Amino acid sequence: MAVAFAPAGKALFKVPKGWPRPVYDLSHNPLSEKKILLGRALFHDPILSADSTISCVSCHLQYSAFTHVDHKLSHGIAGHIGRRNSPTLMNMAWGTQFMWDGAVNHLDMQPLAPIAHPDEMAFAADSVVLRFRRSDVYKRLFYEAWGDSDITGERFLKSMAQFMLTLVSSNSKYDKVMRHEDNAAFTPQEANGYRLFRANCEACHKEPLFTTNGFANNGLPIDTGLNDMGRMGVTGRPADSLLFKIPTLRNIEFSYPYMHDGRFSKLRDVVEHYATGIEYGPTLSPELRKPIMLSPNEKVDLVAFLLTLTDRGFLFDTAFSFPVDVLGR
């Protein structure tokens with residue numbers, strides 16, 4: 001199902017076969033190659049931060065599934081350290097709420113959170129727009145994308161959303177097996193891991209997105225240094241204490257460290273947490289109240305299946321990379 005097309009007929013966005021309809025309403029922000037290119041430039045350009053040192057890609061590196069791998073918590077301007085691990089960015093057209101606590105409920109608004117955060121980009125949206133208006137590069141890019149010289153916050157945010165909408169990951173080994181494509185097949189170990197996944201993990205990490213886009217307390221003991229209460233910080237409801245966004249498992253091989261605070265560096269540590277490390281409490285996800293019993297070999301098999309969710313075409317697609325022809329080196 002093609003949702004939006006370039007003038008020449010090239011699909012700018014496709015819903016993969018068997019996937020649900022996107023949540024994002026593309027009719028309110030029709031995709032175009034020039035707007036996507038503008039959004040891509042903005043994503044890679046440190047112009048969005050107060051001191052022009054931090055870009056979106058500083059914390060959302062393509063080869064690591066658009067997150068970072070060199071530290072547990074996000075880093076911002078002047079060496080500031082945030083409170084959470086950067087979430088991965090992919091399949092965002094199906095997202096309903098963004099950030100680990102769901103503080104943002106529309107993709108168009110999502111960039112404002114890191115831009116304004118004092119420990120990340122520490123900048124005001126209106127100041128960003130003024131920078132664009134002083135930039136010959138962005139004067140040209142906005143004109144080519146929007147057809148006139150009016151540079152606004154709305155156009156800036158919609159252009160960024162257009163680029164993020166194109167970050168669709170749907171071509172892993174798992175996907176090829178599901179599509180009966182290229183004679184793809186799970187190994188016996190991967191097949192057993194898939195069986196274990198469906199029995200123990202799928203309630204929260206629902207196929208094909210490998211998330212429900214909901215929130216859950218997954219039994220992590222609280223980090224007393226961060227004292228992050230999760231979604232309760234947004235809603236104020238005790239029932240939301242320690243609930244965090246359920247992340248997608250796609251490309252999880254490359255998106256370490258794991259969890260909202262980056263406490264686990266290896267997939268086997270994540271699996272071990274669910275098998276032996278659950279901390280019980282009043283808001284613990286109901287799916288985790290019954291112990292998950294896995295033998296050592298089954299834990300290995302489960303990890304083997306998770307590795308089939310790696311989409312190398314997505315991780316190295318040059319359509320998402322730094323636009324040298326626009327921003328230079």
Side-chain angles (χ1 to χ4, degrees), residues 1-16 21-50 52 54-58 60 62 66 89-96 98 104-116 121 123-170 314 317-329:
M1 172 184 174
V3 177
F5 294 88
K10 175 186 174 184
L12 298 177
F13 180 90
K14 282 186 176 180
V15 178
R21 289 187 61 85
V23 174
Y24 191 95
D25 186 353
L26 285 106
S27 68
H28 290 171
N29 188 17
L31 302 189
S32 76
E33 290 180 332
K34 293 295 185 180
K35 291 173 186 174
I36 292 169
L37 178 61
L38 171 56
R40 178 180 163 198
L42 292 166
F43 188 85
H44 285 271
D45 198 334
I47 195 173
L48 299 185
S49 61
S52 297
I54 300 294
S55 67
C56 299
V57 80
S58 297
H60 299 283
Q62 180 179 353
F66 290 96
L89 303 181
M90 70 190 83
N91 302 330
M92 301 181 77
W94 290 267
T96 53
F98 303 93
V104 179
N105 63 9
H106 197 287
L107 184 60
D108 289 1
M109 298 293 107
Q110 194 281 327
L112 293 177
I115 289 172
M121 293 177 167
F123 213 16
D126 54 352
S127 298
V128 173
V129 171
L130 290 177
R131 272 195 187 168
F132 298 150
R133 291 172 179 169
R134 293 194 294 264
S135 165
D136 291 339
V137 171
Y138 282 106
K139 285 179 183 177
R140 175 176 60 82
L141 289 176
F142 272 91
Y143 184 87
E144 291 176 351
W146 292 93
D148 59 46
S149 301
D150 192 14
I151 299 176
T152 67
E154 179 183 6
R155 289 180 170 184
F156 149 56
L157 292 169
K158 284 188 171 181
S159 299
M160 290 206 71
Q162 290 212 10
F163 173 67
M164 290 189 285
L165 287 166
T166 68
L167 303 180
V168 176
S169 179
S170 64
F314 172 77
D317 191 335
T318 56
F320 308 144
S321 61
F322 184 87
V324 176
D325 54 336
V326 174
L327 297 179
R329 292 189 181 274

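Quick caveat: nothing in here was measured; it's all calculated off a predicted structure. We count residues from 1, following the sequence as given.
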| request: Give a yes or no answer on whether the side chain of Arg21 reaches the backbone of Val15 with a donor-acceptor pair at less than 3.5 Å. | output: no
| Can you tell me how far the OG atom of Ser58 sits from the NE2 atom of His44, to the nearest 0.5 Å? | 10.5 Å
| Side-chain contact, heavy-atom cut-off 4.5 Å: Leu38 with Trp146? | yes
| message | What verdict does the side-chain contact (heavy atoms from CB on, under 4.5 Å) test give for Arg131 and Ser52, after you've listed the backbone C-alpha separation in whole Å, the side-chain angles of each residue and the deciding distance to 0.1 Å? | response | CA-CA 11 Å; Arg131 272 195 187 168; Ser52 297; 3.0 Å; yes
| query | Can you list the residues that meet the side chain to side chain contact (heavy atoms under 4.5 Å, CB included) rule with Thr96, with sequence neighbours excluded? | reply | Val23, Asn213
| task | Verify the neighbour count for atom CD of Glu144: are there more than 12 heavy atoms of other residues, nucleotides or ligands below 6.0 Å? | result | yes
| said: Would you say that Ser159 contacts Lys34 through its side chain, given a criterion of any heavy-atom pair below 4.5 Å between the two side chains? | reply: no
| task | Supply the atom-to-atom distance Tyr143 OH to Ile151 CD1, rounded to the nearest 0.5 angstrom. | result | 12.5 Å
| task | Determine the minimum heavy-atom distance between Ile36 and Gln162, stating which atoms define it. | result | CG1-OE1, 3.7 Å
| task | Could you check Leu48 against Met160 for side-chain contact (heavy atoms from CB on, under 4.5 Å), going step by step and ending with a plain yes or no? | result | CA-CA 12 Å; Leu48 299 185; Met160 290 206 71; 4.0 Å; yes
| Candidate pair Lys158 and Thr152, rule side-chain contact (heavy atoms from CB on, under 4.5 Å), full reasoning | CA-CA 10 Å; Lys158 284 188 171 181; Thr152 67; over 6 Å; no
| message | Can you tell me how the ring of Phe66 sits relative to the ring of Phe43, calling it parallel under 30°, perpendicular over 60° and tilted otherwise? | response | perpendicular
| query | Mind checking whether Arg40 and Ser321 have side chains closer than 4.5 Å, heavy atoms only? | reply | yes
| message | Can you tell me how far apart CD1 (Ile47) and CD1 (Ile54) are? Round to the nearest 0.5 Å. | response | 14.5 Å
| task | Can you see which heavy atom on Phe13 is nearest to which on Ala93, and at what distance? | result | CZ-CB, 3.6 Å
| remark: Rounding to 0.5 Å, atoms CG (Asn105) and CZ (Phe98) come to a distance of 9.0 Å
| Do you know the tightest heavy-atom contact between Val326 and Val137? | O-CG1, 4.2 Å
| Can you find a heavy atom in the side chain of Leu12 that is under 4.5 Å from one in the side chain of Thr166? | no
| task | Report yes or no: does Gln62 contribute a side-chain atom to a donor-acceptor pair with the main-chain N or O of Phe314 at less than 3.5 Å? | result | yes
| Nearest 0.5 Å, what's the CG-CE distance between Leu167 and Met164? | 8.0 Å
| query | Do Tyr138 and Phe156 have ring centres separated by under 6.0 Å? | reply | no
| Side-chain donor/acceptor of Arg155 to backbone N/O of Phe142, under 3.5 Å | no
| query | Nearest 0.5 Å, what's the CG-CE distance between Leu112 and Met121? | reply | 11.0 Å
| task | Verify side-chain contact (heavy atoms from CB on, under 4.5 Å) between Trp94 and Val168, making sure each step is shown before the conclusion. | result | CA-CA 10 Å; Trp94 290 267; Val168 176; 4.2 Å; yes
| Residue list, side-chain hydrogen bond (donor to acceptor under 3.5 Å, both in side chains) with Tyr24, at least two apart or on another chain | Asn29, Asp108
| remark: Ser169 and Met90 have their tightest heavy-atom pair at CB-SD, 4.2 Å
| task | Identify the heavy atoms of Pro323 and Ala41 that sit nearest to each other, and give their distance. | result | CG-CA, 3.9 Å
